[in-house]
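Atom set for the values below is all heavy atoms of this structure, side chains included, hydrogens, waters and symmetry mates excluded. Reminder, nothing fancy here: chain letters follow the sequence lines and each chain counts from 1.
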Protein chains: 2
Amino acid sequence: MSVKHMILGILQEAPTHGYNIKKRLYRNILQDFGINDGQLYPALNQLEKEGFITKEVVIQEKGPNRHRYSITPKGSQAFLLWLEGDEDENESVRYDFFRKDRFLLKCNFMHYLEPGLLERKILAQISLGEKKLKDFHNAHASMTHRQVKPHRLQILELGIQLQEARLKWLQGLLEVVKREIK
Amino acid sequence: MSVKHMILGILQEAPTHGYNIKKRLYRNILQDFGINDGQLYPALNQLEKEGFITKEVVIQEKGPNRHRYSITPKGSQAFLLWLEGDEDENESVRYDFFRKDRFLLKCNFMHYLEPGLLERKILAQISLGEKKLKDFHNAHASMTHRQVKPHRLQILELGIQLQEARLKWLQGLLEVVKREIK
DNA sequence: CCGATCATGTAACGGGTTACATGATTTC
DNA sequence: GAAATCATGTAACCCGTTACATGATCGG
């Protein structure tokens, strides 16, 4: 499971509580990185049960209690073993770029769409893509400013490049469709 | 569910049986596009139950029976409604490029890896990526040869461009890591 | 005769999402 | 007084994967 490893990785850096994992640590990469409650809290409880992390309840005068989790040596070891191992590194070979992109799946059948509608759909995709790209650039600026580890920046840069490639492709597609309309 | 719509889209073009959907129609895009049995056959049965497709058992003298499915007007309508609608087109906004790429997830923690090991990992990713790119090019050639609809080719071209962008990024990462080793 | 291919299916599992539930505090 | 934020959690569902099961035919 990737979520568990991500949690261990975060706790490897410093102990913290669930809500913080969710909101603080990743909010600047994307507004919400998106570890959802339904997974986060059960995962924390299970990691504790398995002895990978320990819980300490922090009572606050203001607001609800926090459950502060710390990684154990056992958890740390498991995390490093996962990181060093091959797990999850070659499985993306056959499962593809376009199964993950629902719009692309639809594109397989674009010849059934009336050209005007198709054009509008592509334009909508372009504007979504541009919005996302802007988000990425904002995140990049903010991370640069906060002096985040350079390799985290680098990951974001790949995101930007992939997004740019997709946008360029959409623009090309738009041209083709426009030519068909005329 | 995307698989159901893909099946409807395929049957919209011509009636066929399950095994053919699995092997023929997509084998050239990737060796296996990867609709798996556990999903394909139940989906076909359910689509039939819902009245979107009809089954006709074709008895073969040689080999097992085939279940030949055809799309019904109701199914056709549902397919076109899905295609024309907004469903599945804006959901990729927040769920991200790097949650889908397990290697990138690991990269978040690359500073915990000994540089030599990291270098080997990146090299492995590059060689996997190059292999995949070659597959794509082969598929492209074969599709050109078979005169597949040009927009299907275009989808594959995006795949190639995304793969190239990822490879270029990996190469850049490799350079950074190499510099650190020296 | 062995393994691959054709052809259809079921069962169990795993991982992720949504929605729901609670309750306090802060902000408008 | 309402809405947002902090903080934790559960239950139900959906989608997808793997593994298993069956049995026939064809090529080496």
Side-chain angles (χ1 to χ4, degrees), chain A residues 1-7 15-25 27 31-50 53 55-69 82 87-88 90-96 98-102 105, chain B residues 1-7 15-25 27 31-50 53 55-69 87-88 90-96 98-100 102 105:
Chain A
M1 204 211 307
S2 81
V3 170
K4 277 192 186 177
H5 293 123
M6 291 304 282
I7 292 174
T16 189
H17 61 282
Y19 194 76
N20 201 38
I21 290 175
K22 193 181 147 190
K23 286 281 156 175
R24 288 280 142 67
L25 296 174
R27 104 185 132 174
Q31 295 90 317
D32 56 333
F33 168 75
I35 293 181
N36 63 68
D37 296 4
Q39 247 193 309
L40 175 62
Y41 293 109
L44 283 170
N45 286 325
Q46 216 189 314
L47 283 170
E48 197 202 355
K49 218 187 297 173
E50 290 165 344
I53 59 178
K55 176 162 71 176
E56 173 202 356
V57 178
V58 179
I59 294 146
Q60 300 184 111
E61 326 87 62
K62 299 182 177 186
N65 291 346
R66 288 174 175 171
H67 296 180
R68 184 184 164 86
Y69 292 97
W82 166 75
E87 203 188 326
D88 298 339
N90 44 6
E91 72 179 0
S92 68
V93 185
R94 46 169 65 151
Y95 314 109
D96 208 14
F98 98 116
R99 294 203 66 184
K100 295 167 185 169
D101 187 328
R102 310 292 235 183
L105 278 180
Chain B
M1 206 210 303
S2 81
V3 170
K4 277 192 184 177
H5 293 123
M6 291 304 282
I7 292 173
T16 189
H17 61 282
Y19 193 76
N20 201 38
I21 290 175
K22 192 181 148 190
K23 286 281 156 175
R24 287 280 143 67
L25 296 173
R27 107 187 128 172
Q31 294 90 318
D32 56 333
F33 168 72
I35 293 181
N36 62 67
D37 296 4
Q39 245 192 312
L40 176 62
Y41 292 108
L44 283 170
N45 286 326
Q46 218 189 313
L47 282 170
E48 196 202 355
K49 219 186 297 171
E50 290 165 342
I53 59 177
K55 177 162 70 177
E56 173 202 357
V57 178
V58 178
I59 293 145
Q60 300 184 109
E61 325 87 62
K62 300 181 175 184
N65 291 346
R66 288 174 176 173
H67 296 180
R68 182 183 164 87
Y69 292 98
E87 204 188 327
D88 296 339
N90 45 6
E91 71 178 3
S92 68
V93 184
R94 47 169 65 153
Y95 315 107
D96 208 14
F98 98 116
R99 294 203 66 183
K100 296 166 183 169
R102 309 291 233 184
L105 277 180

Report the distance from atom [atom1] of [X] to atom [atom2] of [N], rounded to the nearest whole Å.
{"X": "K22(A)", "N": "dT8(D)", "atom1": "NZ", "atom2": "P", "result": "9 Å"}
{"X": "N20(A)", "N": "dT5(D)", "atom1": "CG", "atom2": "C1'", "result": "14 Å"}
{"X": "I59(A)", "N": "dG23(C)", "atom1": "CD1", "atom2": "P", "result": "18 Å"}
{"X": "K23(B)", "N": "dT8(C)", "atom1": "NZ", "atom2": "P", "result": "13 Å"}
{"X": "L40(B)", "N": "dA19(D)", "atom1": "CG", "atom2": "P", "result": "18 Å"}
{"X": "H67(B)", "N": "dT22(D)", "atom1": "NE2", "atom2": "C1'", "result": "13 Å"}
{"X": "K4(B)", "N": "dC15(D)", "atom1": "NZ", "atom2": "P", "result": "8 Å"}
{"X": "Q46(A)", "N": "dT10(D)", "atom1": "CD", "atom2": "P", "result": "12 Å"}

Distance from R68(B) atom CZ to N20(B) atom CG, nearest 0.5 Å? 10.0 Å
Touch class at under 4.0 angstrom, heavy-atom based, for G38(A) against every strand present: base
Determine the contact category for N65(A): base if any of its heavy atoms lies under 4.0 Å from a base atom, sugar-phosphate if only primed atoms, P, OP1 or OP2 are that close, otherwise nothing. sugar-phosphate
If only side-chain N and O atoms of [X] are considered, is one of them under 4.0 Å from the OP1 or OP2 phosphate oxygen of [N]?
{"X": "N36(A)", "N": "dT17(C)", "value": "yes"}
{"X": "K62(B)", "N": "dA24(D)", "value": "no"}
{"X": "Q39(A)", "N": "dG15(C)", "value": "no"}
{"X": "H17(B)", "N": "dA7(C)", "value": "yes"}
{"X": "Q60(B)", "N": "dA7(C)", "value": "yes"}
{"X": "Y19(A)", "N": "dT8(D)", "value": "no"}

What heavy-atom pair brings [X] and [Y] nearest, and what distance separates the two atoms?
{"X": "Q46(A)", "Y": "K4(A)", "value": "NE2-NZ, 3.2 Å"}
{"X": "D37(A)", "Y": "K22(A)", "value": "OD1-NZ, 2.8 Å"}
{"X": "I7(A)", "Y": "A43(A)", "value": "CD1-CB, 3.8 Å"}

Can you tell me which nucleotide in dT8(D), dT10(D), dG16(C) comes closest to the side chain of V3(A)?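 Side chain of V3(A) sits closest to dG16(C).
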Heavy atoms from C-beta onward define the side chain here; which of dC6(C), dA7(D), dT10(D) lies closest to that of R66(A)?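 Nearest to the side-chain atoms of R66(A), counting from C-beta on, is dA7(D).
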DNA chain C: S2(A) or P42(B), which has the more 5' nearest nucleotide?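 Nearer the 5' end of the strand: P42(B).
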Name the residue closer to the 5' end of DNA chain C, choosing between P64(B) and G63(A) according to the nucleotide with the nearest heavy atom.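 Its nucleotide being nearer the 5' end, the pick is P64(B).
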Angle class for the Y69(A)/H67(A) ring planes (parallel below 30°, perpendicular above 60°, tilted otherwise)? perpendicular
